[in-house]
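In what follows, a single structure is set out as structure tokens and then discussed.
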Amino acid sequence: MCGIVGIIGQGAVNQGLYDALSSLQHRGQDAAGIMTEDDGQLHLRKSNGLVRDVFQEHHMLRLTGNIGIGHVRYPTAGSSSTLEAQPFYVNSPYGVALAHNGNLVNTDELKRLVIESDRRHLNTDSDTEVLLNVFAHELGQQPGEDLTADLILKSVGEVHRRCSGAYAVVAMIIGYGIVAFRDPNGIRPLVIGKRELPEGIERMVASESVALDALGFELERDVLPGEAVFIDIDGNIYSRELSDKHSYSPCIFEFVYFARPDSVIDKLSVYKARLRMGEKLAEKIKHARPDHDIDVVIPVPDTSRTAAVQVAHELGVKYREGFIKNRYIGRTFIMPGQAERRASVRRKLNAIDLEFQGKNVLLVDDSIVRGTTSQQIINMAREAGASKVYFASAAPPVRYANVYGIDMPTASELVANSRTVEEVQKIIGADWLVYQDLKDLEHAVYHEDAGIDFFDTSCFSGKYVTGDVSPAYLDQLEVVRSDSAKAEREAMLKTQENDEDPLQAAGAL
């Protein structure tokens with residue numbers, strides 16, 4: 001999962017891009033990047049790390065210009081090398097920079113065509129670089145010397161024709177403006193906003209509405225599935241739906257975990273969706289155990305708080321904050337490796353013994369993915385003196401690979417894969433485990449005014465909305481994206497860095 005932003009302003013956009021990326025930091029903690037344009041001159045800063053660490057004052061001073069794009073990343077594919085930090089850039093044609101949230105499922109085929117047919121060079125294993133080169137190639141195929149808004153939008157139509165998977169994209173064409181587009185299923189989110197100043201209108205696109213809020217932009221609307229939006233350097237906006245919309249099917253896991261609760265995406269309030277998740281979960285608990293002996297409901301901070309409050313209210317029991325979070329530790333789900341996730345849990349959370357001692361506690365979390373975090377949290381509750389520890393997940397069992405940009409693709413690493421609820425309950429050490437039903441989750445998130453056909457629920461249901469995810473592809477992901485494979489790639493990268501000739505490295509600089 002990643003976060004993207006693009007701004008066309010009336011003045012310098014470097015601070016705005018920084019603030020927007022800070023608002024989207026929850027979407028990726030591995031790397032960050034900003035590219036701006038100032039009178040045809042490009043300025044780029046990107047590196048591994050959090051936004052606050054990547055951009056120091058001297059970097060910000062160099063990011064001049066009234067137009068720019070930014071990205072926060074965590075590695076879904078490839079490695080966490082700085083080489084794969086975004087935005088990416090190609091100088092032909094026109095000069096194009098691009099940042100991407102999602103994952104292409106036909107990357108291997110596209111790589112071959114980009115190299116053999118389009119005659120373009122690829123420098124990394126990132127599907128974003130592939131997507132950039134596809135878009136740049138299609139721009140270069142447009143007739144005439146003058147690149148018009150119409151030709152730019154047509155080029156995006158060709159990208160839709162060639163690319164499959166999930167992609168929300170912001171791109172900057174040097175001297176022309178910003179392009180934003182979304183895959184034909186609308187799997188990953190993308191919103192448009194504007195801000196009216198005395199000097200004129202400023203435009204912004206971002207992964208979530210919270211980025212607009214942070215800068216005082218008004219949320220105008222979502223980029224539609226299969227739509228392309230072009231904003232020229234004067235802030236004029238052009239848009240066109242360029243693909244037959246397969247379905248309007250955003251990823252439901254955005255609402256379960258990734259998006260901030262104060263965001264509105266696809267006309268749906270994340271906060272209200274999570275409230276309804278809590279209501280549905282409480283209904284299931286009351287039906288399964290009408291004479292429950294739950295003394296207190298405690299959330300696993302932070303994402304589950306909204307649902308947990310509603311669970312407690314519906315059950316008529318106390319809600320308490322039993323865990324205090326160290327806010328300087330990143331989100332464990334999106335940390336690169338299992339060892340780092342495991343080590344971070346106790347550094348991140350500390351139990352308040354008074355809320356656990358002698359009580360039957362219901363812990364509420366947004367989801368259970370690998371099970372390691374849940375297991376450690378349950379152990380912490382017992383160590384704090386809980387008599388019984390029940391565990392509730394606001395999401396259904398995560399049993400299948402997610403191939404659309406969320407780092408849970410290896411089914412063998414999912415605790416619920418090929419296991420019953422009772423088996424998972426035993427593994428994580430709960431006295432009782434209850435999951436949300438998938439239909440209840442869909443009803444909790446859905447609102448008829450949104451115009452959504454259905455949700456991508458692939459990690460829960462195993463049904464992939466693009467219709468082209470084969471067993472062979474899933475087997476390949478099992479090999480490439482497992483924690484062991486990632487660890488092996490990282491070790492190899494470190495070895496290469498250590499073995500590099502210092503003089504040769506200096507010459508390369």
Side-chain angles (χ1 to χ4, degrees), residues 3-25 27 32-45 51-52 55 57-72 87 95-99 147-149 152-153 168-182 189-224 227-240 260 262-265 267 269:
I4 60 175
V5 61
I7 302 176
I8 290 185
Q10 295 296 323
V13 297
N14 53 355
Q15 187 64 53
L17 291 167
Y18 178 97
D19 292 342
L21 292 182
S22 297
S23 299
L24 297 173
Q25 186 74 85
R27 301 186 67 86
I34 291 175
M35 178 176 278
T36 61
E37 180 208 344
D38 188 2
D39 195 25
Q41 182 71 39
L42 291 176
H43 306 280
L44 172 66
R45 168 61 181 171
V51 172
R52 68 186 182 211
F55 303 102
E57 183 178 1
H58 64 282
H59 300 128
M60 297 297 293
L61 291 173
R62 295 171 186 166
L63 293 169
T64 58
N66 294 2
I67 176 173
I69 62 175
H71 186 269
V72 288
V96 183
L98 183 144
L147 187 60
T148 64
I152 292 170
L153 297 176
V169 172
V170 59
M172 181 169 60
I173 306 175
I174 311 310
Y176 290 90
I178 283 178
V179 186
F181 56 93
R182 205 172 169 195
L190 193 60
V191 297
I192 310 172
K194 70 175 181 180
R195 181 169 63 182
E196 295 186 13
L197 300 176
E199 300 86 350
I201 292 179
E202 297 185 317
R203 300 281 184 181
M204 178 175 175
V205 293
S207 293
E208 295 183 33
S209 65
V210 289
L212 306 181
D213 297 338
L215 275 67
F217 278 73
E218 173 192 350
L219 173 62
E220 291 186 280
R221 64 181 182 88
D222 299 274
V223 176
L224 296 174
E227 183 185 21
V229 175
F230 171 61
I231 308 168
D232 68 21
I233 55 177
D234 296 318
N236 300 309
I237 190 166
Y238 309 84
S239 64
R240 186 179 305 166
R260 266 179 42 170
D262 45 342
S263 279
V264 176
I265 51 179
K267 298 182 181 178
S269 164

task: Kindly indicate whether the side chain of Y238, heavy atoms from C-beta on, has any atom under 4.5 Å from the side chain of D232.
output: yes
task: For S23 and A214, work out which heavy atoms get closest and say how close.
output: OG-CB, 3.2 Å
- request: Enter the distance from E37:CD to L63:CG here, rounded to the nearest 0.5 Å.
  value: 13.0 Å
field: Contacts of type salt bridge (charged side-chain N to carboxylate O under 4.0 Å, His left out), residue R52, not counting sequence neighbours
entry: none
query: Just by modelled atom types, is the V51 backbone N or O under 3.5 Å from a matching donor or acceptor in the Q25 side chain?
result: yes
- line: Heavy atoms of S239 and E227 approach each other most closely as CB-OE2, 3.3 Å
- prompt: Counting N and O atoms only, with roles assigned by atom type, does the side chain of T36 sit under 3.5 Å from a partner on the main chain of G65, one being a donor and the other an acceptor?
  reply: no
field: side-chain contact (heavy atoms from CB on, under 4.5 Å) between D213 and D262, worked out
entry: CA-CA 9 Å; D213 297 338; D262 45 342; 5.6 Å; no
task: Supply the atom-to-atom distance L147 CG to I173 CD1, rounded to the nearest 0.5 angstrom.
output: 5.5 Å
field: Validation row: V229, R203 side chains within 4.5 angstrom (heavy atoms)
entry: no
Would you tabulate the side-chain donor-acceptor contacts of residues 191-200 under 3.5 Å, counting partners in other chains and residues two or more places apart, or write 'none'?
from, atom 1, to, atom 2, distance (Å)
R195, NE, E202, OE1, 2.8
R195, NH1, L215, O, 2.6
R195, NH2, E202, OE1, 2.6

task: Please check if the side chain of D234 supplies one atom and the backbone of N236 the other of a donor-acceptor pair under 3.5 Å.
output: no
- request: Identify the two heavy atoms, one from Y18 and one from I34, that lie closest to each other, and give their separation to 0.1 Å.
  value: N-CD1, 3.9 Å
task: Output yes when a side-chain donor or acceptor of D222 lies under 3.5 Å from a complementary backbone atom of P189, and no otherwise.
output: no
Separation between CD1 of I233 and CG of N66, rounded to the nearest 0.5 Å: 10.0 Å
- line: For L17 and G70, the nearest pair of non-hydrogen atoms, with its separation, is CD2-N, 4.2 Å
query: Considering all heavy atoms of both residues, which atom of L212 and which atom of A206 are nearest to each other, and what is their separation?
result: CD2-CB, 4.5 Å
message: Quick check: closest heavy atoms across V72 and A32, and the distance to 0.1 Å?
response: CG1-CB, 4.2 Å
message: To the nearest 0.5 Å, what is the distance between OG on S263 and CZ on R27?
response: 8.0 Å
Inter-residue atom distance M35.CE - N14.CG, 0.5 Å rounding: 14.5 Å
message: Tell me every residue that passes salt bridge (charged side-chain N to carboxylate O under 4.0 Å, His left out) with R45, counting only those two or more places apart in sequence or in another chain.
response: none
task: Mind checking the CD1-CD1 spacing from I8 to I69? Nearest 0.5 Å is all I need.
output: 11.0 Å
- prompt: Under 4.5 Å between any side-chain heavy atoms of V170 and V5, yes or no?
  reply: no
